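So the structure is just underneath, and the comments pick up after that.
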Number of protein chains: 2
Amino acid sequence: MAIKRTDSVTITRVAALAGVSTATAGRVLGGYGYSSEDIRDRVQEAARELGYRPNRLARGLITGRTQTIGVVAGDISSDFYATAMRGIADVARREGFGAILTNSDEKLDLEREAVQLLREKQVDGLIVSPCDRGESLHLREAVAAGCPVVQVDRVAAGLAADSVTVDNRSAARECVQKLLAAGHHRIAFIAELQSSHGHDLARFAADWAENRQPASPQELDPSWQRLLGYLEAHRDAGVPVDLGLVRRVGAYSVEAAKDHVLELLVRRQHNGVTALFTSDGVMSTGAMRAISALGLSIPGDLSLVCFDDLDWMGFVSGGITTVVQPVHRMGTMAAEFLLARIAGDTSDFRHVVLPAQLAERASIAPPADARGGATDSR
Amino acid sequence: MAIKRTDSVTITRVAALAGVSTATAGRVLGGYGYSSEDIRDRVQEAARELGYRPNRLARGLITGRTQTIGVVAGDISSDFYATAMRGIADVARREGFGAILTNSDEKLDLEREAVQLLREKQVDGLIVSPCDRGESLHLREAVAAGCPVVQVDRVAAGLAADSVTVDNRSAARECVQKLLAAGHHRIAFIAELQSSHGHDLARFAADWAENRQPASPQELDPSWQRLLGYLEAHRDAGVPVDLGLVRRVGAYSVEAAKDHVLELLVRRQHNGVTALFTSDGVMSTGAMRAISALGLSIPGDLSLVCFDDLDWMGFVSGGITTVVQPVHRMGTMAAEFLLARIAGDTSDFRHVVLPAQLAERASIAPPADARGGATDSR
DNA sequence: TTGTACGCGTTATCAA
DNA sequence: TTGATAACGCGTACAA
């Protein structure tokens with residue numbers, strides 16, 4: 001077939017029309033090297049007349065730079081990644097870069113495939129939320145091959161790459177402190193806490209209790225970091241932790257989160273849960289569905305503190321107290337770091353840990369038994 | 001400087017190691033042409049040893065196809081575009097394509113710039129939500145140059161391109177019918193209805209009333225299509241329309257929408273508004289903020305019907321009735337159409353208008369005056 | 001079945 | 001300051 005896909009106005013045609021060599025035309029149009037004024041005018045006139053547009057593929061082939069970055073998000077349809085991507089795209093556009101988006105669904109093999117594809121497309125760099133905290137061979141290979149990587153939200157241990165994360169531990173600790181201070185002693189924690197990373201919940205808590213903390217909490221998954229904050233707050237307050245109140249949803253699924261919370265709350269006469277702390281936007285949405293399905297009122301029947309600032313948290317039940325992550329900022333910072341590396345920055349790797357803000361609204365109240373004084377049935 | 005960016009293991013090196021010509025190596029690794037079994041093994045072994053990865057730039061330069069599509073969304077951080085993009089990315093991945101994402105913020109010049117960049121990057125096709133219903137010269141140029149375009153959510157008049165949209169008019173009409181049937185006569189409509197398209201609200205309504213409808217409603221902006229549905233429902237019910245209840249927010253801004261609704265509801269003793277119909281997710285969120293700020297209850301003080309199914313609509317006030325657009329589906333369909341065109345499909349252009357579903361929940365009740373029976377003050 | 005040689009559109013390197 | 005020419009890495013005639 002071989003469809004002549006377009007009358008392709010190339011630099012050769014422009015050069016011919018202007019009566020100069022392709023080299024000269026290239027210098028003018030590419031903005032490199034010298035050129036006299038009248039030649040410049042002639043070439044530009046010819047280019048305009050023909051409607052010349054540079055072929056960035058050809059340019060990239062020879063310069064070795066495509067002005068394209070690759071992004072591996074978990075799931076672009078989630079608010080978190082969508083907002084981060086917006087930040088990335090904003091910076092990319094500003095600098096004349098394109099951004100190829102892929103989703104990993106938090107699956108390592110999909111991430112690997114995506115990185116593979118992006119590298120074959122010769123992206124100048126990669127922004128990734130790594131699925132795996134460990135090996136990540138594909139990321140190491142990329143770095144080794146001179147393809148800079150910037151990590152967002154999570155970091156792979158020992159990877160020679162910048163990272164932009166949030167201080168999840170402190171944020172979670174502050175949340176749980178608020179609940180404890182309000183008198184709650186039975187605070188459920190709803191989190192992803194995927195088990196694939198080899199963590200056993202009981203052992204993790206036991207290790208922590210004996211001060212055998214992970215060397216660097218930043219190398220834990222965010223939900224595990226938030227668990228750390230949950231544990232710390234309890235310790236600080238002298239309140240024992242009941243690991244039965246820590247629900248491992250195991251995936252970023254609203255429905256799965258809802259089911260967990262439903263099960264938990266239906267039995268709250270028995271387990272004594274008076275407050276919920278949700279570990280991210282997905283868990284928060286699931287929890288809210290369950291709470292609504294049961295017809296519970298906040299904070300009357302249940303106190304609630306969430307993670308991630310979703311639209312509804314401003315107006316549901318007079319406002320839900322939540323942790324506001326600087327998500328857009330994470331995106332812009334990551335992109336800026338990456339573009340700096342691409343531009344040749346070889347300074348030490350930065351591991352920025354941004355603070356999160358607690359948006360205090362109206363979803364915390366003292367537990368019912370502390371208020372009523374006489375209705376405790378346990 | 002000229003950093004030798006990587007020891008670039010090219011097909012030449014693989015061929016050399018395997019002791020064959022580059023053409024033979026290419027045939028094996030590219031999966032085209034003939035090759036004997038032992039040669040095949042030798043080449044593959046060499047490729048594995050060297051960690052060969054094809055350079056898709058070079059491939060694209062010669063084949064004229066990059067296996068990359070360009071996407072121009074309005075704003076990826078909005079739920080609508082994020083979900084559509086997810087659909088696009090899913091199909092792209094399945095077919096081995098990459099997708100470059102850009103945002104137009106609904107501004108024509110940004111859209112134009114984006115299309116420009118994407119075409120210079122030699123994308124095989126474009127998925128666009130066109131800002132402009134008219135000219136769209138940049139899109140026509142793309143089509144003329146053999147770069148297929150698929151339109152999502154909106155269509156540019158007379159563009160030789162497929163489109164995937166939603167039947168906004170019918171969906172809106174059904175919503176307003178529900179409200180009218182419940183006894184509401186003063187229904188406010190909150191919508192973007194940007195004026196830049198030359199539409200004057202009063203004249204638009206007058207033209208419509210005299211049956212001078214636009215030739216193809218599908219070529220209107222979605223919010224104008226929804227206005228059409230609003231008008232039709234009123235006419236069908238024999239209820240006069242008060243254009244003062246149609247609020248043109250003019251931009252997809254939550255805060256702007258909130259302000260409009262606030263102003264409207266604060267004066268509801270005077271304007272008699274008993275129900276709200278919001279035209280999209282952004283308007284819905286803004287409206288809900290205003291309603292919450294005023295402490296109004298739904299549907300007690302106010303009935304509400306929304307457009308777009310956001311998470312919170314399931315659990316706020318026992319559920320908000322809303323129009324559910326098949327957004328993910330729009331994304332996958334658009335991508336499938338585009339990939340078909342790229343693969344050579346030359347059949348007639350498809351203009352798919354998907355039906356939207358009304359999710360009936362609990363946000364409609366008869367107006368207060370109809371219930372109370374005696375409190376009408378107007 | 002394999003190898004040679006050329007071309008894709010651009011930038012880079014020289015010599016003029 | 002300009003121009004001829006060689007890359008960049010790969011696909012594809014065509015010849016062997």
Side-chain angles (χ1 to χ4, degrees), chain A residues 1-43 46-47 50-67 119-122 124 145-146, chain B residues 1-43 46-47 50-67 119-122 124 145-146:
Chain A
M1 267 296 179
I3 300 155
K4 209 51 176 184
R5 30 181 253 291
T6 162
D7 342 65
S8 58
V9 24
T10 73
I11 206 165
T12 313
R13 296 228 343 239
V14 174
L17 180 59
V20 299
S21 74
T22 64
T24 303
R27 276 189 287 261
V28 173
L29 299 171
Y32 53 89
Y34 307 96
S35 52
S36 69
E37 199 159 327
D38 53 331
I39 285 275
R40 200 154 37 219
D41 290 347
R42 270 225 312 276
V43 172
L50 265 46
Y52 169 77
R53 299 298 164 208
N55 181 332
R56 295 196 184 227
L57 237 59
R59 177 182 294 170
L61 187 56
I62 180 164
T63 62
R65 304 177 68 273
T66 54
Q67 308 232 88
R119 290 198 51 208
E120 289 183 6
K121 285 187 180 302
Q122 311 297 120
D124 294 336
Chain B
M1 266 299 186
I3 299 157
K4 211 50 178 184
R5 32 179 254 291
T6 163
D7 342 67
S8 56
V9 25
T10 73
I11 207 164
T12 313
R13 297 231 340 242
V14 174
L17 179 61
V20 299
S21 73
T22 63
T24 305
R27 275 189 286 261
V28 173
L29 299 173
Y32 53 88
Y34 306 96
S35 51
S36 70
E37 198 160 329
D38 51 333
I39 286 276
R40 198 156 36 219
D41 290 346
R42 270 227 311 278
V43 172
L50 264 44
Y52 170 78
R53 300 296 164 211
N55 182 331
R56 296 197 182 225
L57 236 60
R59 178 180 294 170
L61 188 56
I62 179 166
T63 62
R65 302 176 70 273
T66 53
Q67 308 230 92
R119 290 198 52 208
E120 289 183 5
K121 285 188 179 303
Q122 311 296 121
D124 294 336

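Labels below follow one simple rule: chain letters A, B, ... track the order of the sequence lines, proteins then strands, and each chain is numbered from 1. Note that these values count all heavy atoms, side chains included, but never hydrogens, waters or copies made by symmetry. In this text the structure is predicted, and so the values were computed from the model without any measurement.
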Exercise. Kindly say if A:Ser21 contacts the phosphate of D:dG3, meaning a side-chain N or O under 4.0 Å from OP1 or OP2.
Key: yes

Self-check item: Test item: B:Thr24 side-chain N/O and B:Val20 main-chain N/O as donor-acceptor pair under 3.5 Å
Solution: no

Quiz item: So how far is it from B:Arg42 CZ to B:Ser36 OG, rounded to the nearest 0.5 Å?
Solution: 8.0 Å

Exercise. Indicate whether OP1 or OP2 belonging to C:dT11 is found under 4.0 Å from a side-chain N or O atom of A:Tyr32.
Key: yes

Quiz item: For A:Gln122 and D:dG9, what is the distance between atoms CD and P respectively, to the nearest whole Å?
Solution: 9 Å

Quiz item: C:dT10, D:dG9, C:dT2: which one has an atom nearest the side-chain heavy atoms of A:Ala58?
Solution: C:dT10

Quiz item: Under 4.0 Å between a side-chain N/O of A:Ser8 and OP1 or OP2 of C:dG9, yes or no?
Solution: yes

Exercise. Supply the atom-to-atom distance A:Ile62 CD1 to B:Leu57 CG, rounded to the nearest 0.5 angstrom.
Key: 12.0 Å

Quiz item: Is any N or O donor-acceptor pair between the side chain of B:Arg27 and the base of C:dG3 shorter than 3.5 Å?
Solution: yes

Quiz item: Can you tell me how far C1' of C:dA12 sits from CG of A:Leu29, to the nearest Å?
Solution: 16 Å

Quiz item: Within this structure, what is the CD-to-P distance between B:Glu120 and C:dG9, rounded to whole angstrom?
Solution: 15 Å

Quiz item: Are OP1 or OP2 of D:dT2 and a side-chain N or O of A:Tyr34 less than 4.0 angstrom apart?
Solution: no

Quiz prompt | NZ/NE/NH1/NH2 to OD/OE distance under 4.0 Å, B:Arg56 and A:Glu120 | solution = yes

Quiz item: Looking across every strand, which nucleic acid part, if any, lies under 4.0 Å from B:Ile39 by heavy atom: base, sugar-phosphate, or nothing?
Solution: sugar-phosphate

Practice problem: Provide, to the nearest angstrom, the distance between the CG atom belonging to B:Asn55 and the C1' atom belonging to D:dC8. | Solution: 8 Å

Exercise. For the side chain of B:Ile11, starting at C-beta, report the closest nucleotide among D:dG3, D:dC10, C:dG3.
Key: D:dC10

Self-check item: Atom-to-atom span, CZ of A:Arg40 to P of D:dT1 - whole angstrom
Solution: 9 Å

Quiz prompt | Any donor-acceptor pair under 3.5 Å from A:Thr63 side chain to A:Arg65 backbone | solution = yes

Exercise. Ignoring backbone atoms, test whether B:Ser36 places a side-chain nitrogen or oxygen under 4.0 Å from the OP1 or OP2 oxygen of C:dT2.
Key: yes

Practice problem: Would you mind telling me which residue lines up with the more 5' stretch of DNA chain D, A:Glu37 or A:Thr22, judged by nearest nucleotide? | Solution: A:Glu37

Quiz item: Starting at the 5' end of DNA chain C, which residue's closest nucleotide do you reach first, A:Ala23 or B:Gly33?
Solution: B:Gly33

Quiz item: Has the side chain of A:Lys121 got a donor or acceptor atom that lies under 3.5 Å from a matching backbone atom of A:Thr66?
Solution: no

Self-check item: Euclidean distance, atom CZ of residue B:Arg65 to atom P of D:dC10 [Å, nearest integer]
Solution: 18 Å

Quiz item: Between C:dC8, D:dC8, D:dG11, which nucleotide has the shortest distance from any of its atoms to the side chain of A:Leu61?
Solution: D:dC8

Quiz item: Does OP1 or OP2 of D:dG3 have a side-chain N or O of A:Thr24 closer than 4.0 Å?
Solution: yes

Exercise. Nearest whole angstrom, please: distance from the P of D:dG9 to the CZ of A:Arg59.
Key: 18 Å

Quiz item: In whole Å, what is the span from the CG atom of A:Asp38 to the C1' atom of D:dT1?
Solution: 10 Å

